[in-house]
Amino acid sequence: MNYDSKYSKLGNNLSSSLIRELLKYASVEGAISFGGGVPDPETFPRHALSKIASEVIENEYKYVLQYSTTEGDPELAKQMIRLLNRVYEINDLDESDIMFTTGSQQALELAGKVFLDEESIAIVENPFYLGAASAFRMRFSKFVSVPLEDDGMNVEVLEKRLKELDEKGEIKKVKFMYVIPNFHNPAGATLSLEKRKRIIELAEKYDLLIIEDDPYGLLRFEGEHLPPLFKLAGKERVILLNTFSKILAPGLRIGAVIGDEKLVRKFVLAKQGTDLCSPALTQRIAARYLEKYDLIEQITPTIKLYKSKKDTMMQAFENTFSDIKGIKWIYPDGGLFTWVTLPEGFDTLEMFEIAKKKLVFYIPGQAFTPDDSVSSSMRLSFCLPPHEKIIEGVNRLKEVIVEYGKSKGLI
């Protein structure tokens, strides 16, 4: 049978994730991988979660083993409201402003369903988080990209892009701006307070929604928490996406959509057609954990661990890369990633063939470009390898860069 003739336009357009394909090689014995963006399993509070899971199943089985509402667990919503109030002083939320999803990836997919179609435009960052790109591309919308700087989106370019769209009569096609303000994936950058305010000003001028994706915000190593766009602009202007994957455990698969009740209701309706509801069991386990433990106190050792690994990687860069003219990297204040940019002429996807031989793995920047263009950058994650492997991996990466650079006449 010719299956191709049976597929929808979307079905024919689906392709394997570049990251998934590249990271197949990372399981080879002796390999050092900076590729995966997954938390260190040793940071999971497994003993506490195990005890709570047992108690919840025994004592609350009528709720947790049954179908749930699409909106999610009201007990977890109460804890989420309390957490956002404590950390960011967001104090105008109630349960109707929150919906829980099966991981934050589902929230992105639902955002695509709710807002985008083939005539739509989404304003996105460049580099662009691959999970969001995958979700939004399913709607066949158009992207207008804005380059990232060390302190977040280039707001001068953003203003120029919006003005051009307005002059062409296409500003109404722009459905939202998508922003990762804290410890960006893949770039590691943090959006400055001044730029947060400017983005909001532009959103108000052109009457645009902002989707603020903040999976890493609580993993701050240095400095003070900056106010979310959601706090600065309000829930009528900003939809906040959040998750427990990086601060509790990704296996619980709990994401959250937070916003104006009318917008959240649209997400609820879209989710009903996707999976009816997310598991009540994992949501209630998370709720009881947050009741019982101080999450901020509990993640302090995790933050210290990630900071120490980040510091090891930054020092290894200083020691190893300092003689490569034109190389630069982001010093992240939190999160899981840094972004290394090589001199002009490097192609980190092509260079990956040498990295495979040296058994050191990263994610080429091309995976994060809205238009799949060649990139001289690469994403490196420091959260999983132990300190000695970080140092060894950076040494191997130097060998890769030098070998590729010489082969292309760039070094």
Side-chain angles (χ1 to χ4, degrees), residues 77 80-99 104 107-108 110-112 114-116 120-125 128-129 132 136 144-146 148-149 151-163 165-166 171-184 189-218 220 223-243 255-267 334:
M80 190 77 177
I81 290 169
R82 186 170 67 89
L83 183 64
L84 290 170
N85 190 315
R86 176 183 175 187
V87 177
Y88 296 121
E89 298 182 348
I90 296 171
N91 50 26
D92 61 343
L93 295 176
D94 58 44
E95 292 174 26
S96 62
D97 298 321
I98 299 176
M99 182 193 77
S104 60
L108 292 167
L110 294 175
V114 169
F115 295 116
L116 300 176
S120 301
I121 297 171
I123 306 292
V124 301
E125 299 158 315
F128 184 15
Y129 170 50
F136 300 160
V144 171
S145 65
V146 179
L148 278 178
E149 300 175 301
D151 61 346
M153 184 184 283
N154 185 320
V155 291
E156 285 77 22
V157 173
L158 172 63
E159 184 172 14
K160 180 182 176 184
R161 298 275 195 272
L162 292 174
K163 184 179 180 182
L165 289 166
D166 192 29
I171 198 68
K172 289 188 176 181
K173 294 181 180 180
V174 179
K175 300 303 178 73
F176 56 75
M177 292 190 277
Y178 174 76
V179 181
I180 303 178
N182 299 312
F183 327 128
H184 189 274
T190 295
L191 187 65
S192 69
L193 179 58
E194 293 76 18
K195 286 188 172 184
R196 292 173 194 233
K197 292 177 179 178
R198 185 61 184 140
I199 287 171
I200 290 167
E201 288 174 1
L202 290 169
E204 290 174 346
K205 178 179 179 179
Y206 292 103
D207 196 25
L208 303 177
L209 279 171
I210 300 170
I211 296 182
E212 178 179 18
D213 195 358
D214 189 30
Y216 313 103
L218 289 182
R220 176 173 281 279
E224 298 295 323
H225 287 295
L226 294 175
L229 295 154
F230 188 91
K231 167 70 174 176
L232 295 170
K235 60 186 178 183
E236 294 79 15
R237 180 68 59 190
V238 182
I239 300 170
L240 176 62
L241 306 185
N242 217 305
T243 179
V257 176
I258 304 154
D260 183 88
E261 179 181 357
K262 292 178 182 177
L263 287 173
V264 171
R265 179 60 183 165
K266 278 293 184 182
F267 276 78

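For this chain, numbers begin at 1 and follow the sequence in order.
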Participant: Are L116 and F136 packed together at the side-chain level, in the sense that at least one heavy-atom pair is separated by less than 4.5 angstrom?
Facilitator: yes
Participant: Any idea which heavy atoms bring R220 and N182 closest together, and the distance?
Facilitator: NH2-OD1, 4.5 Å
Participant: V155: which residues meet the side chain to side chain contact (heavy atoms under 4.5 Å, CB included) condition with it, sequence neighbours left out?
Facilitator: K195, R198, I199
Participant: Give every donor-acceptor pair under 3.5 Å between a side-chain atom in residues 256-266 and any protein atom, sequence neighbours left out.
Facilitator:
residue, atom, partner, partner atom, Å
D260, OD2, K262, N, 2.9

Participant: With side chain to side chain donor-acceptor pair (under 3.5 Å) as the rule and sequence neighbours excluded, what pairs involving residues 225-240 come up?
Facilitator: D97-K235, D207-R237
Participant: Suppose the criterion is salt bridge (charged side-chain N to carboxylate O under 4.0 Å, His left out): which pairs have a residue in residues 82-96, not counting sequence neighbours?
Facilitator: R86-D294
Participant: Flag the pair L93 / F230 as yes when at least one side-chain heavy-atom distance between them is below 4.5 Å, and no otherwise.
Facilitator: yes
Participant: Go through the structure and list residues passing side-chain hydrogen bond (donor to acceptor under 3.5 Å, both in side chains) with D213, not counting sequence neighbours.
Facilitator: Y178
Participant: Measuring from L229:CG to I200:CD1, what's the distance to the nearest 0.5 Å?
Facilitator: 5.0 Å
Participant: For Y88, which residues count as a side-chain hydrogen bond (donor to acceptor under 3.5 Å, both in side chains) partner, sequence neighbours excluded?
Facilitator: D214
Participant: If the condition is side-chain hydrogen bond (donor to acceptor under 3.5 Å, both in side chains), which residues does E212 pass it with, not counting sequence neighbours?
Facilitator: none
Participant: By side-chain hydrogen bond (donor to acceptor under 3.5 Å, both in side chains), which residues pair with S120, not counting sequence neighbours?
Facilitator: D117, K175
Participant: With a 4.5 Å limit on heavy-atom distance, are the side chains of I239 and F115 in contact?
Facilitator: yes
Participant: Who pairs with K172 by side chain to side chain contact (heavy atoms under 4.5 Å, CB included), at least two apart in sequence or on another chain?
Facilitator: none
Participant: Closest approach of G152 and A189, non-hydrogen atoms and distance?
Facilitator: N-CB, 4.2 Å
Participant: Hey, what do you get for CG (L162) to CD (E159), rounding to the nearest 0.5 Å?
Facilitator: 8.0 Å
Participant: What pair of heavy atoms forms the shortest contact from L193 to P227, and how long is it?
Facilitator: CD1-CG, 3.7 Å
Participant: Test side chain to side chain contact (heavy atoms under 4.5 Å, CB included) on I171 and I121; report intermediate values, then the result.
Facilitator: CA-CA 9 Å; I171 198 68; I121 297 171; over 6 Å; no
Participant: Measure the CG-CG distance between N154 and L148 for me, rounded to the nearest 0.5 Å.
Facilitator: 9.0 Å
Participant: Which distance, rounded to the nearest 0.5 Å, do you find between the CG of L232 and the CD1 of I90?
Facilitator: 9.5 Å
Participant: Using the test side chain to side chain contact (heavy atoms under 4.5 Å, CB included), find all partners of T243 that sit at least two apart in sequence or belong to another chain.
Facilitator: S104, P215, S245
Participant: For F267 versus L110, what's the shortest heavy-atom pair and its separation?
Facilitator: CD2-CB, 3.8 Å
Participant: To the nearest 0.5 Å, what is the distance between CD1 (I180) and CD1 (I211)?
Facilitator: 11.5 Å
Participant: Got a sec, which residues hit side chain to side chain contact (heavy atoms under 4.5 Å, CB included) with K163, two or more places apart in sequence or on another chain?
Facilitator: E167, Y206
Participant: As a test of understanding, state which of V124, L209, L158, V144 forms a side chain to side chain contact (heavy atoms under 4.5 Å, CB included) with M177.
Facilitator: L158
Participant: Could you state the interatomic distance from CG (L191) to CE (M153), rounded to the nearest 0.5 Å?
Facilitator: 7.5 Å
